[in-house]
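What follows is a single structure, written as structure tokens, with notes after it.
Remember, it's a predicted structure, so these values are computed and weren't measured experimentally. Start at 1 with the first residue, then count along the sequence.
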Amino acid sequence: EMQRSLVGSEMCIRDRVFTMPLYKIRETMQSSYMVQTHRSFIVNLSNISYLDKTKNPWELSFFNSDQHAYVSRGYKKQFLSAISSLFSND
């Protein structure tokens, strides 16, 4: 899960933290599992444990983590399409 900071965005991969602008992370992550869900978040779809649609913006929970991310209105169609594609390929 990525979190926005004042300097850039943080990308956590196996206990290593990288800081760079979110657009660079998006360019680097050319995977159907990695989807931007909010101006501040890019998430790994395979790590989502729960989607709470009762909240606005939608809230995502992750396996083995107490962190949350959000799906904002502008990214809902893209998110739902990615989730649909992920399940149709399994």
At their closest point, which heavy atom of [X] faces which heavy atom of [Y], and how far apart are they?
X	Y	result
S72	P57	CA-CB, 3.9 Å
R39	Y75	N-CE1, 3.7 Å
L45	A82	CD1-CB, 3.7 Å

- Query: Is there a side chain to side chain contact (heavy atoms under 4.5 Å, CB included) between Y50 and L60 once you walk through the steps?
  - Reply: CA-CA 6 Å; Y50 184 73; L60 300 171; over 6 Å; no
For the [atom1] atom of [X] and the [atom2] atom of [Y], what is their distance to the nearest 0.5 Å?
X	Y	atom1	atom2	answer
Y33	L86	OH	CG	5.5 Å
H38	K76	NE2	NZ	11.0 Å
H68	F41	NE2	CZ	10.5 Å

- So do L22 and Q36 actually touch side chain to side chain, heavy atoms under 4.5 Å? yes
- S88 (side chain) donor-acceptor with S85 (main chain) under 3.5 angstrom: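 Yes: the side chain of S88 pairs with the backbone of S85.
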- Quick check: does any side chain N or O of S61 sit under 3.5 Å from a backbone N or O of S49, one acting as donor and the other as acceptor? no
- Just do the side chain to side chain contact (heavy atoms under 4.5 Å, CB included) check on F62 and I48 with the steps written out, would you? CA-CA 4 Å; F62 301 94; I48 297 171; 3.9 Å; yes
- Kindly determine whether T37 and I42 satisfy side chain to side chain contact (heavy atoms under 4.5 Å, CB included), including the steps that lead there. CA-CA 6 Å; T37 61; I42 296 174; over 6 Å; no
